[in-house]
Every structure is written in C-alpha cells, then in structure tokens.
Number of protein chains: 2
Amino acid sequence: MADAPVWSDHVQAVLARAGLKRGGARQRVIELLAREPCALSAVEIEDALRAEGKPTGRASIYRVLDLLVDHGLVERVAVGPGQARFERMHPSGEHHHHLVCDQCGRLVAFDDPALEQAIGDLSERLGVRVEHHDVVLRGACERCE
Amino acid sequence: MADAPVWSDHVQAVLARAGLKRGGARQRVIELLAREPCALSAVEIEDALRAEGKPTGRASIYRVLDLLVDHGLVERVAVGPGQARFERMHPSGEHHHHLVCDQCGRLVAFDDPALEQAIGDLSERLGVRVEHHDVVLRGACERCE
DNA sequence: CCACAAATGAGACTGAGTCTCGGAGTTATT
DNA sequence: AATAACTCCGAGACTCAGTCTCATTTGTGG
Ligand SMILES: [Zn+2]
Ligand SMILES: [Zn+2]
Ligand SMILES: [Zn+2]
Ligand SMILES: [Zn+2]
C-alpha cells in the first residue's frame, strides 16, 4: 500500500487550500480510509474506529464523508440498496469498479479500459456532461462459482 | 407504448407457469409498471395507486416487486442512496441505463452497444459469471447544462 | 360450494442516514 | 499566554425506506 500516504497528503493539501481547520474526527476517518484500499460503509467505519479505541460520533463520520465526497477525495459507491460505501479516490482519476457476489456478498474490484472508453464516448453522444459513473456488476465470484 | 401489453402478458405467463395464484395487489402493481416506461420508486408506486383510488398495502407492493425481480421481470435500479427504483425488464434482454442530473434530479435513459459489449467481455476476462450490471451516470442533463 | 393454500394489508418495527445545538478544539491576533 | 472568533465535534432525537408479523381475505382445484 505504497500510495496510501500520498492520498492522505493530497487530502490534507486540498482541505488546507479550502481554508478548513483540522480536527480529530476528520483526521481519524482520513487515516482509516487511507489504510483501506476498497469500499467501507459508514457503519463499518464507525465500528472500526470504536474498535481501535477512537470512538467517533456518527454525525461527524457522515459529515467528514460528505466533505470528502464534495471535494472529490472519496467516492460514494452504491453497491446495493440500503447502505452506501466509501473509498478513497485518486487525483489521477485512476479508479476501479466492483462486482458483488450474490452468494457470499464479497466485493471484487476490477478495472477495464474498454469500459472507461465506452463511458467516455457517451458524454458526447448524449449531449450531456458526465461528471461521474457508477458501474456495479452482480454475479458469482470465482470462489463461489 | 406499443410494447406495454406484451410485457404485461409475458409477466402473466411467467407467473402462471410458476404456479402462482392471481391477486389484486399484484395485478395493480403490474398494470402500473406496464404503463410506465422508466424507473419508479416503491413510494411513488404506493402514492400513484392511492391517487387512482386503488390503495394498496406497502408490504404487498414490496412483496410484488421482490417477486417480479426474482423472476427477472423487473429490474431494481440503484439510482442513488436511500431509495431503490423499479422498471420493467424485457425478456429479450433489451434494456437501457440512466444518467441522473445533479441539478434537477431528472433521469435520462440511454443505451449504448459499446458499453454492453465491454461489460459482456468482462465476464470472461475476470473469470466470474456476471448475471447483471448496473450503470448509473451522474452529471448535468441537456436542459440544465 | 368447500377446503385449503396463497395473497393481502394494518401497523409495529428496524436501521441507515439526518438534524440540532451546546460544548470542545483550532487559529489569528495581541 | 490570553483572547476572541471562528470551526469542528458528538449525544441523541428524529426521519423515512424498507421489513416483519399475523389476522383476514381471496383465488382455485376438486
Ligand atoms: Zn473498491
Ligand atoms: Zn470507471
Ligand atoms: Zn429507465
Ligand atoms: Zn446494459
């Protein structure tokens, strides 16, 4: 996970540039996400922080996540109904998508240039400005097949 | 909307083949979805049915939607966090995806062969079985741009 | 028509996410 | 270091889509 510190620094830089003060809750959520390569739910974040002896208010967690999403630092992944997930987003635009296994619920990350290409082309074809795209596949993962 | 009756008939056929009895609530939900070309939320369905003088229990609506999704007759569209949407699904596999306008919230439907192709190829490349794919774009629609 | 299973609906319940507001933490200025 | 002006934080009440239960109704095969 050699890139985690880079992301962390980038986050600090963006937030500082935005004129925001620092704070404990925000710091804790950022550190946790920096450590985690794939999507966490808000509840998992709350539990993880409590488990490592850093209990953090739910309102703060959602506030921080919203802030990070607004600044393009974190992506909100709608992996299914009922619970949003969050994962760090690289400034380079580098990202991946997910397959959710219907059997075991496991998340499998993947990326695919052809898919990105097709989505990129759509913007023009539809005459709209596409800011963001969510792609979630459902099926059976390697292990469950 | 020349194809709406066809979908309706297909639904009836599939459910009859599955040995299910008919019932008022199910009939009402199917008729409403047959009339509607794009994604409705469960709450919108509940309200629409009440508005046309056919109030229907919430539990029944969710039951019917689950049943239709299980039989591949309706697609659950996760257009955002907090509220699932449902739209009819054609037996031919013909379908579309959506762009959600960040400004006005409007849904824009589109389809794209290159996108479908890319997703189809993924199945093999990843070594998984892909049953279903959700693609949601976010941005500004033609009207809001 | 009858018996029985399937379908329905009122309303209690769950749980992710939001909101509020008083108090704690941060920073610029002196 | 003290002050002041701000931002950030968190406990817990609240909202609301979605689930569950169970008594009642309805559809259907015989
Ligand atoms: Zn991921
Ligand atoms: Zn992508
Ligand atoms: Zn649609
Ligand atoms: Zn598709």
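The sequence lines fix the lettering, A, B, ..., with proteins before strands; numbering per chain opens at 1. Remember, it's a predicted structure, so these values are computed and weren't measured experimentally.
- Interface remark: the B:Arg26 side chain does not form any donor-acceptor pair with the D:dG27 base, using a distance-only criterion of under 3.5 Å.
- Atom-to-atom, CG of A:Asp47 to C1' of C:dG15 comes out at 13 Å; the value is rounded to the nearest Å.
- Look at CD on B:Gln83: it is 21 Å from P on C:dG15, rounded to the nearest Å.
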Please assess A:Val135 against A:Leu115 for the test side chain to side chain contact (heavy atoms under 4.5 Å, CB included), listing each intermediate value before the final yes or no. CA-CA 9 Å; A:Val135 177; A:Leu115 178 64; 4.1 Å; yes
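- Between D:dG10 and A:Ser60, a contact under 4.0 Å exists linking OP1 or OP2 to a side-chain N or O.
- Residue A:Glu46 contributes atom CD, which lies 12 Å from atom C1' of D:dA11 at whole-angstrom precision.
- Computed from coordinates, the B:Arg22 CZ to C:dT8 P distance equals 11 Å when rounded to whole Å.
- Annotation: side chain of A:Val108 is not in contact with side chain of B:Leu126 (no heavy-atom distance under 4.5 Å).
- Between the CG atom of B:Leu15 and the C1' atom of D:dT28 there is a distance of 16 Å, rounded to whole Å.
- No hydrogens or angles were tested; on distance alone, a donor-acceptor pair under 3.5 Å links the side chain of B:Arg63 to the base of C:dG9.
- When rounded to the nearest whole Å, the span between OH of B:Tyr62 and P of C:dT14 equals 17 Å.
- Counting any heavy atom pair closer than 4.0 Å across all strands shown, B:Ala59 reaches a base atom.
- With rounding to whole Å, A:Leu49 atom CG is found 14 Å from D:dC9 atom C1'.
- A donor-acceptor contact closer than 3.5 angstrom links the side chains of B:His96 and B:Glu87.
- Contact annotation: side chain of A:Arg58 to base of D:dG12, donor-acceptor pair absent below 3.5 Å.
- Side-chain contact between B:Val74 and B:Trp7 is present, with heavy atoms from C-beta onward closer than 4.5 Å.
- Side-chain atoms of A:Lys21 and base atoms of D:dT7 include no donor and acceptor less than 3.5 Å apart.
- The residue B:Ser41 sits apart from the nucleic acid: no heavy atom pair falls under 4.0 Å.
- A ring-centre distance under 6.0 Å is found for B:His133 and B:His97.
- The residue B:Arg28 sits close only to the backbone: its heavy atoms come under 4.0 Å of sugar-phosphate atoms, none of a base.
- Between A:Arg76 atom CZ and C:dA16 atom C1' there is a gap of 12 Å when expressed in whole angstrom units.
- Of the two residues near DNA chain D, A:Leu67 and B:Leu20, the one whose nearest nucleotide lies more 5' is A:Leu67.
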